[in-house]
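One structure is given here, and the rest of the page talks about it.
In the text below, chain A, chain B and the rest are named by the order of the sequence lines, each starting its count at 1. When reading the values below, keep in mind they use all heavy atoms of this one structure, side chains included, and skip hydrogens, waters and symmetry mates.
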Amino acid sequence: MSQSRFMPKYDPATIEPKWQSWWDEHDTFRSPRLPVGEKAYILDMFPYPSGDGLHVGHPEGYTATDIVSRAARMRGVSVIHPMGFDAFGLPAEEHAIRTGTPPRESTERNIATFRRQLKMLGFSYDWHREVATTDPGYVRWTQWIFLVLHDTWFDRDAQRGRPIAELPIPAEVAAAGEQAVAAYRDEQRLAYQSEAPVNWCPALGTVLANEEVIGGVSERGGHPVVRLPLRQWMLRITAYADRLERELDSLDWPTSIKKLQRDWIGRSTGAEVDFLLPPAGDDAAGFAAWKQHRAASGFPEQAPDNVLRIYTTRPDTLYGVTCMVIAPEHPLRARLTTADRTAEVEAYCEAASHKSDLDRTDLAEGKTGVFTGSSCIHPLTGEPVPIWVADYVLASYGTGAIMSVPAHDDRDYEFAQTFGLKVVTVVEPATGEGGAGGNGNATPLFTGRGRAVASGPYTGLETDAFITQVGGDLQAAGLGRPAVNYKLRDWLFSRQRFWGEPFPILHELDAAGEPTGVVRALDQADLPVPLPELSDFRPGNTPDPPLSRADDGWLYVERDGKRYRRETNTMPQWAGSCWYYLRFLDPANDERFIDPDIERAWMPVDLYVGGAEHAVLHLLYSRFWHKVLYDRGHVSSPEPFGRLVNQGMILGEMEFTGYRAAAGGWVSAGQQGEADTPMKIPAEQVEKQGEHFVLRDAPKVRVESRAYKMSKSRGNVVNPDQVVRDFGADSLRLYEMFMGPLEATKPWSTAGVGGVRSFLDRCWRLVVDERADELTIAPQVCDEQPTDEQLRQLHRTIAKVTADIDSLSFNTAIAKMMEFVNFATPLEQRPRPLLIPFVKLLAPFAPHLAEELWELLGQAPPVSLADWPVAEEQWLRDDTVEIPVQVQGKLRARVIVPADADAGTLEAAAAAEPKIAALLAGKQIVKVVAVPGRLVNFVVKG
RNA sequence: GCCGGAGUGGCGGAAUGGCAGACGCGACGGACUCAAAAUCCGUUGCCCGCAAGGGCGUGUGGGUUCAAGUCCCACCUCCGGCACCA
């Protein structure tokens, strides 16, 4: 008697590693240098290798792209499907600070874990192309791209970036000498230094980009952020705002993501208008003279200091202006403040400068402000308009000054209410359409479009006509001009952290070792600039970067007899992820960042899948860099990512939560207070009653039911390693695809994983005799020809799975394969010509099992490179179809008719059906709708 | 407040304007078994009915249509994002 009888069960723990090694050894998924025939670049958003390892959200998108890649390969497409690691960033550095290990060590360890886990899931990456953004060979080219940005200025007329050497130098600058020319160039570069208020986060010890500050606190960690003036590297992304917005049109991206980017760029159109200031504006003669001058000279490019220039999107409300408001940081503030108001105004601005962004943008705080004591002259009416200072006007947007029109702007209205300013109505809702517009209300506020009133010569015009006409008039009179503004700000590109790319920049030092202000970019040959060895990675509590503590050997450099100090800021984490998709195509090239032939052949990315959290940051930055590289001739396409798909979030398992009252007993969900404690309730103690779930033992008590985001603190995190141990990688892959649409948010269900596992078990038993003593083909497997019915089932499955892969509808593709297995399981004869194509269909989804079954069926591996089956039209048609018959739109019977029956045949067959005949008896048939292949509907009377 | 997306059985979810609930989970029943697990087969939207059959059903209220989960209007709820950008 054998101790343990061999049971040839489906055992992923043995077959999965077996095939992973096989693929590795045979380089099954290696892609060619250049595509042959049709190409597909299928890309995942590469992960940040955190210390926690992969979570179940990662394999969702990765499995989707893997299925698409595998199916495309089987269809003969040249596929490139790479993977790498976005490995710079704060967590590695914080770990380093906590433990004292250098970030590179922990990063490499984490990468090893991620690589192992990704391989464990059987993704068909070409691992020869793996890159990490922290590799010196990668950093080198990230720094090189920074040099390209540094060497580029934006030609507004041509709307493109050009080499700095081609920048026209104004005569007066050229006359001022070499240093002035250099300074002028530095000002125009796409990578420039600026002394500007920045977002300094004391807790993180670094400056953050606007995009990384959410509601006044850091996106990462939620630490407070304060404004601080600091010399920083900036990237001139605003120069590309217009193209970044316009060229979204050409992309096959979710509309929601395009919308987010559009909102972030925040393009608005309107007009700039000049208001004459004192002393010239103090009398009518001065005003008349100024107007005459303007009519002759036109609208000056830069606002001269005898005017207050404002930006408005609603020049049609010019006659409703009751005051002007400037930002506290406005350059004319001091001059506009009268002596008697100085103390009050200065105090206000001082207070405003100490307010955090959070305080300043807190709508609940209401409006604050202070009168400057002076006025300017309305360019159209000649009336004086008082000038106020208020922090709801932002110095960094438009001209830093606005015309306040309380009757037609929410914020101006609130401001006017607070300070008792006049409200003058100049727009009324257009009559005739929705007469109950804003004006029927108690408040005179109306922000909609309509018809102008009390607006001088423009009275009676519709808003749009008014804007066009007044725009033309202002421009002709030299008082205004059309203007475009963007919410997008230049990208603050330097960080005071250790674990990032050093800048390829040197600062010239004078004899005393002090910086002269002259900046020198390194040559390509000097790259990469390595990170220095450091024992202490901590950021300081001042914005002095850790790299400034590097030893002198790193810090000081001699060039051409001059002494330089290296730039000690580092680049933000986004830098590396801005261009990794290019490096994958040519990862080992040490001559160039990418070979142009390779770039032309593989770019753009055909399918890019990842989370929606990168909607504005990564995806906007990447597009910006790509456009600069395009303008400078380094890449061939204006956009990097053609088709973008966002996978949805995977939530934890559904939970029922009841609330225990502090006093004892239960409180219904929705009525609980602070004192009541939430408790997890097992599903079997809960039942549904009407709209709500209640406790089975106390049906009056409502219970909350929902799935939560996975988090360590909630304890509902699902670990992929554990799922692979319990069910196998193929089950994990298949389950994540079966849960629902790729883009939907959906809760995890361990029972659901069991469900797909049992489907894979059934696939196994279709081929293998599980009750035999050794691994044997099931006795039903034969070499007969499949029956017509079997071929119909097969080809329908082929057609559905093929179409669903194209539309990324993996859940319904899997459902169809399940139907096929349900059909095939009871068959006494299972012909190989039926099973073999099915195994091919299964291969992209459950590749390990498919390889094993393929081999068992006597085929030469790998199925991963077998030909994709083709659905034959003849097997997709039916001879007869069952047609529903309705009377008055209600289903009453079904009839079986030939598939090609025309409307007349259909109607006759339906009318002959006994039940229908009975229902129609004695009724007058008003109308018959007969749709061949679809249905019959009788409309009757009486 | 503004902008997206979504509301379908106990649960996840299917449905080119044309048979609502494919497929899976769960539940229930049967076969196999000494028994259990596993497996295989079946039932499973709700209500009335022994049954045949009938009625009601896709967040709510209207509308278009022979026909609406799907299209239109208004509203409710949930999720996500943005939020003084003039």
Side-chain angles (χ1 to χ4, degrees), chain A residues 9 214-215 254-257 259-260 262-264 266-268 270 310-314 317 325 360-363 365 367 390-394 396-399 401-405 408-412 414-415 485-489 612-613 615-616 648-649 651 653-654 683-684 686-688 691 693 705-707 735 738-741 743-756 758-759 761-762 765 770-771 809 811-819 822 825-826 882-894 926-931 933-940:
Chain A
K9 275 191 186 310
I214 313 284
T255 49
S256 61
I257 299 293
K259 180 85 173 57
L260 284 172
R262 282 212 172 88
D263 287 353
W264 190 261
R267 184 187 151 107
S268 83
I310 59 92
Y311 170 73
T312 178
T313 54
R314 290 292 299 273
T317 60
V325 186
R360 266 174 86 152
T361 58
D362 190 349
L363 295 172
E365 293 293 313
K367 296 280 179 286
D391 66 5
Y392 81 92
V393 174
L394 308 174
S396 53
Y397 184 79
T399 61
I402 62 154
M403 62 180 208
S404 177
V405 185
H408 306 294
D409 182 276
D410 300 296
R411 298 147 301 183
D412 296 345
E414 194 189 346
F415 188 68
N485 266 295
Y486 301 93
K487 287 193 209 178
L488 186 70
R489 304 296 149 84
E613 67 274 16
V616 285
M649 206 191 328
L651 305 175
E653 296 243 9
M654 250 269 278
E684 56 276 10
V686 163
E687 65 187 1
K688 185 135 190 188
E691 297 280 281
F693 283 91
S705 87
R706 60 171 281 208
Y735 173 65
F738 187 60
M739 294 173 86
E743 302 185 64
T745 302
K746 30 202 186 277
W748 185 265
S749 157
T750 300
V753 190
V756 295
S758 73
F759 162 67
D761 280 321
R762 284 159 68 84
R765 286 194 294 269
E770 205 177 61
R771 283 173 302 182
S809 308
N811 53 333
T812 48
I814 294 164
K816 194 68 187 175
M817 290 192 283
M818 287 173 168
E819 285 185 62
N822 291 345
T825 295
E882 193 182 64
I883 297 289
V885 183
Q886 301 179 337
V887 178
Q888 304 290 64
K890 272 187 196 303
L891 177 72
R892 293 299 178 184
R894 291 171 234 270
V926 181
K927 185 174 181 180
V928 181
V929 182
V931 184
R934 280 281 167 213
L935 65 22
V936 183
N937 187 14
F938 292 97
V939 186
V940 299

Taking N or O atoms only and anything under 3.5 Å, show me the protein contacts with nucleotides 13-18 of chain B, one pair per line.
residue, atom, partner, partner atom, Å
B:A14, OP1, A:N811, ND2, 3.1
B:U16, O4, A:R934, NE, 2.4
B:U16, O4, A:R934, NH2, 2.8

Mind calculating the distance between [atom1] ([X]) and [atom2] ([N]) to the nearest angstrom?
X: A:N822; N: B:A22; atom1: CG; atom2: C1'; value: 11 Å
X: A:M818; N: B:C23; atom1: CE; atom2: C1'; value: 6 Å
X: A:I814; N: B:G12; atom1: CD1; atom2: C1'; value: 13 Å
X: A:K890; N: B:G53; atom1: NZ; atom2: C1'; value: 15 Å
X: A:Y392; N: B:A86; atom1: OH; atom2: C1'; value: 8 Å
X: A:E414; N: B:A86; atom1: CD; atom2: P; value: 17 Å
X: A:L891; N: B:C56; atom1: CG; atom2: P; value: 13 Å
X: A:I402; N: B:C84; atom1: CD1; atom2: P; value: 14 Å

Once rounded to the nearest 0.5 Å, what's the spacing between atom [atom1] of [X] and atom [atom2] of [Y]?
X: A:I310; Y: A:T399; atom1: CD1; atom2: OG1; answer: 6.5 Å
X: A:Q886; Y: A:R892; atom1: CD; atom2: CZ; answer: 10.0 Å
X: A:K9; Y: A:R765; atom1: NZ; atom2: CZ; answer: 7.0 Å
X: A:D263; Y: A:L488; atom1: CG; atom2: CG; answer: 12.5 Å
X: A:S705; Y: A:M654; atom1: OG; atom2: CE; answer: 4.5 Å

**Request:** List the atom of A:R314, the atom of A:M403, and the distance in Å for their closest heavy-atom pair.
**Result:**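 So the two residues come closest at O-CE, 3.6 Å.
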
Is [Y] close to [X] at the side-chain level, that is, under 4.5 Å between some pair of heavy atoms?
X: A:M818; Y: A:V756; result: yes
X: A:K746; Y: A:L651; result: no
X: A:D409; Y: A:S404; result: no
X: A:K927; Y: A:N937; result: no

For [N], the Watson-Crick or wobble partner whose two distances fall under 3.5 Å:
N: B:U60; value: B:A74
N: B:C84; value: none
N: B:G29; value: B:C41
N: B:G4; value: B:C79
N: B:A52; value: none
N: B:C66; value: B:G18

Look at all strands and tell whether [X] reaches a base, only sugar-phosphate, or nothing, counting heavy atoms closer than 4.0 Å.
X: A:Q888; result: nothing
X: A:G398; result: nothing
X: A:S268; result: sugar-phosphate
X: A:S749; result: nothing
X: A:R267; result: nothing
X: A:V393; result: base

**Message:** For A:T750, is there any backbone N or O sitting under 3.5 Å from a side-chain donor or acceptor partner on A:Y735?
**Reply:**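 Answer holds: no.
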
**Prompt:** Taking the nucleotide of RNA chain B with the closest heavy atom to each, which residue, A:K487 or A:K816, is nearer the 5' end?
**Reply:**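 On the 5' side of the pair lies A:K816.
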
**Item:** A:D412 or A:E882, whichever maps to the more 5' nucleotide of RNA chain B
**Value:**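 Residue closer to the 5' terminus by nearest nucleotide: A:E882.
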
**Request:** Only one of A:I814, A:T812, A:V753 passes side-chain contact (heavy atoms from CB on, under 4.5 Å) with A:F738; say which it is.
**Result:**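 Option passing the side-chain contact (heavy atoms from CB on, under 4.5 Å) with A:F738: A:I814.
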
**Message:** Can you check the distance between B:G9 and B:C3, where both ends of the measurement are the C1' atom (answer in whole Å)?
**Reply:**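 Here B:G9 and B:C3 have their C1' atoms 33 Å from each other.
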
**Request:** Would you indicate, yes or no, if B:A86 has its OP1 or OP2 atom less than 4.0 angstrom from a side-chain nitrogen or oxygen of A:Y397?
**Result:**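 Yes, within the criterion.
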
**Asked** With syn defined as a glycosidic torsion within 90 degrees of 0 and anti otherwise, which applies to B:G9?
**Response**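 Glycosidic conformation of B:G9: syn.
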
If you restrict it to nitrogen or oxygen atoms, what contacts under 3.5 Å exist between nucleotides 37-40 of chain B and the protein, and what is each distance?
residue, atom, partner, partner atom, Å
B:U39, O3', A:R765, NH2, 3.1
B:C40, OP1, A:R762, NH1, 2.9
B:C40, OP1, A:R765, NH2, 3.2

**Prompt:** For the residue pair A:Y392 and A:F415, does the interplanar ring angle fall in the parallel (under 30°), tilted (30 to 60°) or perpendicular (over 60°) class?
**Reply:**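 Geometry flag for A:F415 against A:Y392: tilted rings.
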
Taking only nitrogen or oxygen atoms into account, show me every contact under 3.5 Å that the protein makes with nucleotides 3-10 of chain B, one pair per line with its distance.
residue, atom, partner, partner atom, Å
B:C3, O2', A:K259, NZ, 3.0

